[in-house]
Each structure stands twice: as structure tokens, then as C-alpha cells.
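Contents: one structure, followed by commentary.
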Amino acid sequence: MSTLQRDPEEQVQVLDENGGVVGEVPDLGDDELVEMYRAMRLARHFDKRAVSLQRQGRMGTYPPLSGQEGAQIGSTMALDDDDWMFPSYREHGGAVVRGVPLTQTLLYWMGHEDGNKMTPDTNVFPVAVPISTQILHATGAAWASKLKGDDEKAFICYFGDGGTSEGDFHEGLNFAGVFDTPNVFFCNNNQWAISVPRERQTASKTIAHKAVAYGFDGVQVDGMDPLAVYKVTRDAVEKAKNPGDRRRPTLIEAVQYRFGAHTTADDPTVYRDDDEVEKWKAKDPIPRLEKFLRETGRLDDESVDAVTQSVEEQVADAIDEAESVPRPEPSEMFESVYAEMPDHLREQMEDFEQLREQVGDEAFLRE
Amino acid sequence: MSTLQRDPEEQVQVLDENGGVVGEVPDLGDDELVEMYRAMRLARHFDKRAVSLQRQGRMGTYPPLSGQEGAQIGSTMALDDDDWMFPSYREHGGAVVRGVPLTQTLLYWMGHEDGNKMTPDTNVFPVAVPISTQILHATGAAWASKLKGDDEKAFICYFGDGGTSEGDFHEGLNFAGVFDTPNVFFCNNNQWAISVPRERQTASKTIAHKAVAYGFDGVQVDGMDPLAVYKVTRDAVEKAKNPGDRRRPTLIEAVQYRFGAHTTADDPTVYRDDDEVEKWKAKDPIPRLEKFLRETGRLDDESVDAVTQSVEEQVADAIDEAESVPRPEPSEMFESVYAEMPDHLREQMEDFEQLREQVGDEAFLRE
Amino acid sequence: MSTQNLTLVQAVRDGLYTEMKQDDDVLVMGEDVGKNGGVFRATEGLYNEFGDDRVIDTPLAESGIVGTAIGMAAYGLKPVPEMQFSGFMYPAFDQIVSHAARLRNRSRGRFTCPLVVRAPYGGGIRAPEHHSESKEAFYAHEAGLKVVIPSTPYDTKGLLISAIRDPDPVIFLEPKLIYRAFRGEVPEEDYTVPLGEAAVRREGTDISVFTYGAMSRPTQEAAENLSEEGIDVEVVDLRTVSPLDEAAIVESFKKTGRAAVVHEAPRKGGLAGEITAVIQEEALLYQEAPVERITGFDVPFPLYALEDYYLPSVARIEEGIRNAVEF
Amino acid sequence: MSTQNLTLVQAVRDGLYTEMKQDDDVLVMGEDVGKNGGVFRATEGLYNEFGDDRVIDTPLAESGIVGTAIGMAAYGLKPVPEMQFSGFMYPAFDQIVSHAARLRNRSRGRFTCPLVVRAPYGGGIRAPEHHSESKEAFYAHEAGLKVVIPSTPYDTKGLLISAIRDPDPVIFLEPKLIYRAFRGEVPEEDYTVPLGEAAVRREGTDISVFTYGAMSRPTQEAAENLSEEGIDVEVVDLRTVSPLDEAAIVESFKKTGRAAVVHEAPRKGGLAGEITAVIQEEALLYQEAPVERITGFDVPFPLYALEDYYLPSVARIEEGIRNAVEF
Ligand SMILES: Cc1ncc(C[n+]2csc(CCOP(=O)(O)OP(=O)(O)O)c2C)c(N)n1
Ligand SMILES: Cc1ncc(C[n+]2csc(CCOP(=O)(O)OP(=O)(O)O)c2C)c(N)n1
Ligand SMILES: [Mg+2]
Ligand SMILES: [Mg+2]
């Protein structure tokens, strides 16, 4: 039976909090399972380093993801190569799996537009800052693929629990239901929208229930159980591509927790208790998968150390690379606004460049 | 048992298509039942005359309501005096019940802002043209009454099946669910949003189901059965005021049909079959209630004739009155924009009045 | 080239038809655009011709329409969403300004957004509230968008085809007052009128009047009337209000030294101010009188009993031009 | 009167506190305004002081926030909704322009809409995309709204109290670059600064420079620098950008005959154009040079690596003023 047809109040789980198997382990090879582990470790380590870069003034505001690796990695690993991903602003862990280099993520949060310039074969949409607006883009792209007869693609879109309150969430899922678009709507319910708790977002019993309003399946999954997330996402992806039957969208609610601050500009101690954080830390997806992998002989001390070392190196290299990229040329501001620069913009650019030459960069840069 | 706790797929009904009793008749006096009948007849007759005024060029675009009298009158009669009503643009039948004179409705569709200037004790909001935007106003006003401790008011808001697709529908109902506002959300599902059929609006099984997403009751009612509508609305109004328990909102889906065009600018034969129209005409709320009232001895030929005559007179008088109202003074354009007219606006008004004096009104008016 | 004698709204339809015929990626979507052919019949017959996959009736949700169209455009289609009236575009405002306008820039060209948002626009047809808006200034203030407002059937088809072929998002506002007010010769074949180029509708030496959309004709009428008083008016129809054809504006102004701008949009923050600023930046030394702003008033567009007083009439246009000439 | 030495954001908080203390109908609502005290701490402590019924954390939905606030205002409350950043106001755009701005006019005064939509506004704090918008021109183009942008702590509190007491909707944009950049004396008591009145920050005779918000200080700095070159600059801080204090603009301009406008918003369709138009309508004969528009560029606000180049810097302001003076 598919994991998708069930009461939206139930939660799909494969691993319990101690890594014990309580559900059907998805059909993944040993390499893939270890890769899943490594990707989560990489995300966690990247996150730690990014927060510290921000503290040191080497990066701007940054939204940490720790705690959410299970949902990010579990779901992105369930995608096929040609599938598309529509991230929010916190999806850098999943983005790596989809082929976005860490350097690019760093550049983005260092304030370079180039951070959003994915390679043409990376079907990852730019970071979406305005909440839930990306849902419509995901629906539209999925719909376009269907109209074009590209049967082999699914379109996953990420957003938060807070994001379900926006009108665009409603419109995006409603269009998807009406037009049977091959979407997987993936809600990272991390219990908080900055300081606003889940109960203040909606009186809906669960977020998964909201799918009822759009006529397709809604399913809750333990978002800190990467294997459960993988399974549910994989089922949803397959349903989206189902060539025999109607291709249908799915809403997945991945129940999880953000361990850290909303962004580096946020202080969560103002609005939530340490107790709560501790309770959720017991569900940490990384030790959970690690225990399972150790117990099933897929990991040992040595291989774990190797992973540790390799993710540290990878992140360090990415930071070096990102920091060696020069500040973008100011003229870049003007260059991609339109395919062809209109006269008034060219004039503005020329006046600006002339003044810059005259007075030097220092006259512009504030401390 | 309340009518509200039930499977949203069931439909509450009191009268069958022939006026036979199939449910519990609500507790209404004979006068009230006859008044309900008269109000529907008035709405129907007004509608016919309004369409013809438009055809004769005596009125602008007008949205007919025929077929929807059961929902309009059944629901507004279920309100208490102090309750508030937030109409869409098609609620003139219900508006009369709430104390809005027909003349005012006529003036509105004749292009006079005064048509929206309700008397201070008429708690009817202005006509809302942008679809579903009024839902948020209804939620906000209901919420305000709760915050102010005005326990004895319910706030009913009308919108269409098409209206459920807008983001504002979602946000309005979601806020209502979170803050337990005393709202009755009344969806006139008349099967069509102009030319777009209900199935193209949403894949949701019913519109009533959508309440699941907001954590409160959703109920379907036969919208062409005024007694069933009365009953369901009354229950929802009482729940909204429930002083003992939590005051909670309700979503009512009143299943019905618009017999005529969307507006006088619309030609429904382009998009729907006569068969379908005929099928729904068999459910006409007026003969249905009339049969019931005749069979229960509350109406006879004589009293029906009296009703006919009195509604004809009332509408004719209202038209006379509306047509005798002079065209508004052009300066009115400027006068209510702000509480106090800012300088630039006063200047614009003065320049305009000066020119008008100079060249005369004819220089402005197009044929 | 064979031509047809079309109204402006027929030219819209013809533009859509022509481009859909030759480019399978073009599709039309919106409320009532399908079987119903649009509430103004701008998409009439397209549903039968191209089917439900290319002429798509959507749920009633403007953000949904534009937002999904952005996703489609990024994926490689060329959607032409219709907003039923420009007064109902605001629910889509966020998607237009935060996304359509910025997708190219945000991704440094990796994703682009070749879509055309069409909307019937402006006052004068005795319509209900919100049906008579003219808020082109909102869109002209957002970098990354182009804003087109045609005034003749010929231009309409040619500009619409240009807009659809343009690699960037275009807001295409159709003055519904003149949807059927007159006919004009329109080639049956496909042709383009370039975006960003104004057209001189009438040459003159005393004053340059800049206008667009439904105001173009009363402005030309005023110009004719004034010529009898010996005032020789040049009428420049801007056609595209963003980017403005500043070269044409300045060139005309340098010739006449006086100017007026006619638009039905409200005055404060309207494009007349922008055009005035351009003129005095580029040609102050030629300026002999203040630029007259002959515009809608700074009030909500009134219900129809007063709409004729709101809209710039021929009398108001003449008066404004006289003021500038007699200054 | 006793005073406190407050930052601008503290003055916001103080204004809210003061008015909430004396008027039970005033309430604050929005995302994270409650326990968290707002992401900039503009509502800090108010939740503890006034409780959950008057300092309300809402679901994450801007149209919902403003739309319900409109209903509240019509019912008799005086809501002060916060938009977390002005770049996230667009989902509420429809409710603002189609309803808040028009409710009084639509109902000929039967219903009114006394609400204040507050939003942190403008660039310069190294924030992510969409967090640095300055699109006051959108709101200034809509009749029925007032638009306020303070630049000092004193004005902030006084203008905010005026805005809350105003019987019509006010868009209150708070330049977050200077939320904490400096402190100023602010009376503890309640007082008002009237809406619609500009303030002359520096008198001068050679040129009038009109500005507002975060640009007020670099403009004053530029003025000081230029005085060393012998250019005597008058700096007029508009404070309210709709309605504009046209009398003050014209009066200053008639004295100096030259002008510049400094704002961080993009140029095309920005308020500098409107101000230019007002000047030349009312005082063309005094005009000795084109009005310089020293503004943000017509590009999407860049990510922070380039934001300093986007924002008018003291150097750019000086250059612009020199251009106008040397014309
Ligand atoms: C339209 C919009 N409104 C407000 C914000 C400011 N904001 C950024 S993140 C956030 C909370 C989002 O919560 P949620 O959707 O649960 O996602 P999470 O950050 O928890 O992953 C808010 C209010 C925004 N980015 N966009
Ligand atoms: C925001 C918005 N978009 C589009 C329209 C144009 N319009 C007017 S009525 C209508 C259909 C409404 O259908 P429904 O909600 O089912 O109500 P009904 O008219 O059937 O009662 C449309 C699209 C509008 N008024 N407002
Ligand atoms: Mg969250
Ligand atoms: Mg309907």
C-alpha cells in the first residue's frame, strides 16, 4: 500500500528515536544510505560554520537549518535526476543533494546574486524569500511540463508551517488539484514561524488535513526520520509521474523542529523554552540514522571519522572558494534587469560609472 | 443535534422539490414564514425589473439574483437585529431583509455612491466587488466585536463558489479559526463563476469540506430550500454567540443555481446548456415554499395575490424614487476621499469647478 | 499584405491568434477566457481553435494565475495570462513585482520570465466599482517590467506580438473604452510594432502633447479644434509607458518648447510627473511654459454617474493646452 | 516636559505605548509583534504591558492582517498592523488600495478606516532580498491614503501618534537604516507632529534639496560639505510624502531657484518626478536649473554586496547638488 492513503493524523515513521526500525525500510542501497548520512552531516557542519561566519561579520543574515536535515536530505534523495526543486530560504542542505555547490549557497548569503545563478542543468529555482510565493511557481512549472508532455518529471516545493497561512499556498495547491499537476508540496513544519507557534498559524488539526480542501492526499511524516521522509516523498514522486493513472499532487507535512534561531538575527530564547528544544533534540535525525547504520553494519567508527573529515574539508574548501570571489562589479546591478538594457538604464549606469571613477569606491562604501 | 456536525457531503434539507417536508421545520411563526415568502417574491420581482431597467438604458450593469432567493432570504432572516452582514455584489435580496431600502440598491447600480451610504444603524457593509476581499473585513469586524466584549453579535459574510479560490478566502477563514471569531461564512455555490463551472474551481469534494483546513464546521445545505438555509444559518449564528462555550465560526455551503446571466453583460448560453438550467429551475425556492405554505394553510390564492400586488408596488415606488434622485454633484467625487480635503485636492476641485462653469456640463458628458 | 478592418479588441484577438498559430509555446489563461471567450470577447474562438490546453479557464485567483504563469514561463512556455480587469490585478501584485519583474535579475539570467499580463484597462464604459482603474504608474515604477498601452487596432496587434516575443515580462493594458469605438486596418499577417517607441500622431509646432491609450483620440480631437484657433499641436502617442521613449519626448519638446501630458490615471505620482521631469532634465532651456498635467483627479475612480467628470474630456484637454500655450 | 534620549525604533515603540495607554481602541497586530516584540523590537514589552488582545501575533498572511484590520477599523477599533518588512506588503496591496484607501469614499463616510500600517522600510542594513524595498510611490499614487516617512526620533513619535489619531488610513514607513543609527530627545508625554508638513532641516540660499527618511542625514552631511565649497544648501525634510507639503516645497524653491530631490526609491515614477512637476507648475519662472533627481537606480534592489552602490551616497548627493548649482 502506498504510504499516502491514510488518516492525515497518523505519522509515517521508519526509525524510532533510537534508530530502531519501526516501519518498512525503503529500498536503498548501502551506498545510498551512507550517502544520506553523509549529506546530513555535511548540512549540519555547513550550518555550524555558516552561523559562525555570520558572527564574524564574514557573511550577512543566515537562516540555520540544524534539526531539519532529515526532511531536507530524505526528500531530495527521493527525487530523480530530472525533477525540479523549488526551495524556500532554508533548503541549502537539500540543495547540495540537487547539485548546488556549497560555494554558491555561501555566495548568496554573502550578498552575491551569482549565488542564485544555478548551472543550466541544475533544476533548482532561486531562493524564495517572500513566504510561499514559490508554491505557485512550482505549480506552474509542473503544469507546464504536463502541457509539454514531459511525463517524467516531478516538481517538489518546500515551505514552512507559517507558509500555509498565505493566500499563495491556497491558490497554488488549489490549482494543482484542479489541473492534476505533478507536484510534491513539502511542508517543513518545524513548529515555529519565527516566534509564532504552529497553533497560532491555523486551527486545522494537522497541516496534512489541509489537502482535503484541494482534493488530493495529505500525509504526515516524522520529519526527523530521514527514511520515513524518503519513503513518503518517493511515493509522492511516483504518484506525480504515474503514467498509467492520473498524475496527482501530494501534500506532505514533515513534522520536525528547528534547533537553532530562525536566522542569525533572531533570538529564540525570547519566545520558547529550553525544555521544548531539548525534547526535540532527542529526535535528532543524524544520530538516529547513524545508530541504524551502525547497528546494521553499514557504518563504524572509522567510516564515521572519514565522513567527519571529508565534510569538514568540503565545507572549508567551499568557504575558501567563496571568500576568494571578488565583490561583484557594481555594473552587474544594471546588466540583468532586462535581456537588453534600455536607454535610461544605460544612462544611469554610465553616469554612475563616471562618478565612481571620479570619486572612487570608498565614496560609496559605508563601514 | 445541531445541523452543523455532520459529514460535509450530506446536504441539509427541510423541503423537497415539491414543498413536501423532509426535515424538521424550523421554529418560525406564521407571519415570519409568510414574510419569508414575500421577501423572496420581492427579490424576484425586483430582479426582473432591474434587468429590464438595464436593458432600457436606465441602469448600468446589474447582477441578477433569480434562483438564489432561498439562500439570501433564508439566511438573512436567521440573523438577529444587531448582527452584521458583509455582502458580495449579488445580495440585494438579503439586503432588503437587513433594512437596506430598494432605492438604495437601485441608486448603487445606477452609479451613485450614495447607494452604499447605509444608515448608521444598518449594519450592512458596502457592496464588495473584488471577489472574496470582504471575507477579511467580516473576520476583522467579528474579531473586533469579540475584543470589545460585544458578545451578542454574529457576522455573516457572503461569497461565491468562485470566491473560494482566492487567497483572501483562505486567509479570512484561517484567521477566523485561529481567533474563534463569531463569523458565519456563507458560500453561495451557484455552480458557476461567470463561465467557469464549480469543478474547475477546486478538486475539493465539496466546498463545505474546506472548513477542515481551518478547524471548524463546514456544512452543506440545499440553498434553494429557504427553511433548510434558515435552520443551518440559525444554528451557525447561535454557535457564533454561544456564551457558554467557545464562540466558533462556521462555513456554510448553500448549493443552488443562478437562473439568469452572471450580469446583464453576460450571455450564459455561450457556456451552459438549457437542460442544466431547466433541471435547476425545478428546484426554484419560491414555488417550493409557496406549496408548503399553501398546504399548511398559511397562504391561499388571495394572500398570494396580495403579495404579488404589494411587491409590485414596492418595486415600482422604489424605481420612481431612485429615478427622481438627481445625478450626484460632481464635487462629491472630491468630498469623501479624506475626512479633511487636502490642499492639492481642493485645488483640483476648484480648477474643475471653474472650468465647468466656463464650458458647461455638456462639455464633459459623453453620449 | 491583405488587411482586415478590426476593432481594437479584435486586434487583440488577432494578435493572440497569430502568435499562437506560429508558436506552440504560447498559451492563454485566465478567468473566462475559454468557452466564454473572455468577458470582452478578446479570446473569442481561441478555445475552439487551440483547445483546453492552450486556452485555459483557471480558478478565480489572480495571484494563482500570474504565479503559475511565472512558473510556466520559467519552464519555457510563453503564457499570456489575462486579468479580467486591471482593477483586479492587485491580488497578483506581489507575484508581478516580486517575481516576474525580478526573476531574470535574481538568477542572473538562469531563469527568465517571458510572459505578457493582459488586462482591460481604464474608464468610460459605465462599469461598476474597480472596473475603471488606470494605475499604469504602479507597474512603470517597477524595474524589470515593460508596460504597453496601445491606442489603435494596428498598434495593438503589432505591440502584442512584440510583447509575446519579448524575453521579459510585459504588462499589456488595453483601453477598453476604445475596444469597439472604431475600426482600423490591420494586416492579416504577423508583424510587430516595436516596444518602447512613441508615434507622432499629428505634427505641430506650438506645443507637444504626450498621451496614450484611450486619451489619444480626445487629445487628437482637441488638437484639431485648437488648430482652428491657430494653435498648432503636436500629438505624441507614447504607446509604451515603460520604458518611455525619452528621445522622442525630448525631440518633440525641443521643437515646440511647450508641453502637456494627458492621461486618465490620477495625477499625484502619475506618469505626467515622470514625463515632466524628463523634459526639464533634458530640455529645460527650451521650456517656455510649465508642462500641463491633464489627468484624472486624485480621487478613487467614481461610480459611473460621475465618471465623465473624472475623465479628461476634450474641453479639459483644450483648456490645458491653451494654458500652456498662453503662459 | 521630561524627555528621553531614544533611537528611532525606540520612538516608534514609545509612540505606540503612549497612544495605547490612553486609547483602549488602539491595538497592534502582525507577525512576531507579541512575545518577540517585533523583529526590530519596535513592539518590545507591549505584549507584557497590554496582553494578547491588544498586541496580537497573527498567522503569516499580510492580506489577512491588513484585511482584518480594515474590518476592525470599520467596527471602531484603531488597529496598527505591522508589516514585517515593507517588501512583504504586496500581498496586502489589494486590501490597502482597493479597500483601506476607499472605504470612506465608497460609503460616503458611513464607514471609515482609521488604521496605520507600519513597516520597516528601505535599504542599507545588509539584509536579504526583498528586505530593502522603498516603494512609497505606490502608496502615494493611491488617493485616500496618507504616507509618512520620518527621519528623527522626535518626529517619529509625534507623527506616529498623529497617524493613529488620523481618521483615515496612513502608511507609516520606518527607515530601518536609521532605526538605531543615532538618538534624539523625545518627550515622555504625548505630543503630535502634524501630518502633511515638511520641516526645513537647514536653511540655505543657493539650492533647495528635498528629501525624507534615511536620506535626510546624508543629505544634510552633503550640505555641510558643500558649504565648505561655498554652496549654501537648504535641506527640506518632507516627512509626509502624501499629501506633499507643496506650499513648503514651492516656498523654498522660490527662494533658491534650484532644487534636487534625494530618495532611495527608484527614479522612474518615483516621487522626485512628482516634486519636479509641482515645482515647475508653481514656480517655473523662478527655475534656474533642472531639478536633479538623486535616487536609487531603476533596478531591483541588489543583494547586499552591492547595496552601497545602489543607495544615494553623500558623494552622489554632492555631485547632484553641484550639477544643479553649476548648471
Ligand atoms: C510574505 C512574507 N512575509 C513575511 C516574511 C518574513 N518572514 C521570513 S521567515 C518568516 C517565518 C516563516 O515561517 P515558516 O513558514 O514556518 O518557515 P520557517 O522559517 O520556520 O522554515 C517570516 C514571517 C517573508 N519573508 N515573506
Ligand atoms: C478579484 C476579482 N477578480 C475578478 C473579478 C471579476 N468577476 C466578477 S464576478 C466573477 C465570478 C464570481 O463567481 P462566484 O464567486 O462564484 O460568484 P457568483 O457571481 O457566481 O455569485 C468574476 C471573475 C472580480 N470582481 N474580482
Ligand atoms: Mg516554521
Ligand atoms: Mg458562483
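Letters go in sequence order (proteins before strands), and every chain restarts at 1. Both backbone and side-chain heavy atoms feed into the values below; hydrogens, waters and symmetry mates do not.
Between B:F175 and D:G64, the closest heavy-atom pair is CZ-C, 3.7 Å. Looking at every heavy atom in both residues, B:V337 comes nearest to D:G144 through CG1-N, 3.6 Å. The shortest heavy-atom contact between B:P126 and D:L103 is CG-CD1, 4.1 Å.
Heavy atoms closer than 4.5 Å to chain D are found nowhere in B:V129, neither backbone nor side chain. For B:V178, the part lying under 4.5 angstrom from a heavy atom of chain D is the side chain only. Of the two parts of D:P167, only the side chain, counted from C-beta on, holds a non-hydrogen atom closer than 4.5 Å to a non-hydrogen atom of chain B. Interface remark: B:F86 contributes no atoms to any contact with chain D (heavy atom separation under 4.5 Å). Of the two parts of D:I65, the backbone and the side chain both hold a non-hydrogen atom closer than 4.5 Å to a non-hydrogen atom of chain B.
Considering only residues two or more places apart in sequence or on other chains, D:F172 meets the ring pair (Phe, Tyr, Trp, His ring centres under 6.0 Å) condition with none of them.
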Compile the donor-acceptor pairs, distance criterion under 3.5 Å only, formed between chain B and chain D.
unit_1 : atom_1 : unit_2 : atom_2 : d
B:E113 : OE1    : D:R108 : NH2    : 3.4
B:T119 : O      : D:R110 : NE     : 3.2
B:P120 : O      : D:R110 : NH2    : 3.0
B:T122 : O      : D:R110 : NH2    : 3.3
B:T133 : O      : D:Q95  : NE2    : 3.2
B:T133 : OG1    : D:H99  : NE2    : 2.8
B:H137 : NE2    : D:Q95  : OE1    : 2.7
B:K148 : NZ     : D:D25  : OD1    : 3.3
B:D150 : OD2    : D:Y75  : OH     : 2.5
B:K153 : NZ     : D:Y75  : OH     : 2.8
B:D168 : OD1    : D:S63  : OG     : 2.6
B:D168 : OD2    : D:Q95  : NE2    : 2.9
B:E171 : OE1    : D:S63  : N      : 3.4
B:E171 : OE1    : D:G64  : N      : 2.5
B:S336 : O      : D:N105 : N      : 3.4
B:Y338 : OH     : D:G144 : N      : 3.1
B:Y338 : OH     : D:L145 : N      : 3.4
B:Y338 : OH     : D:L145 : O      : 2.6
B:A339 : N      : D:D168 : OD2    : 2.7

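Distance check, rounded to the nearest 0.5 Å: CG of B:L136 to CD1 of D:I70 gives 8.0 Å.
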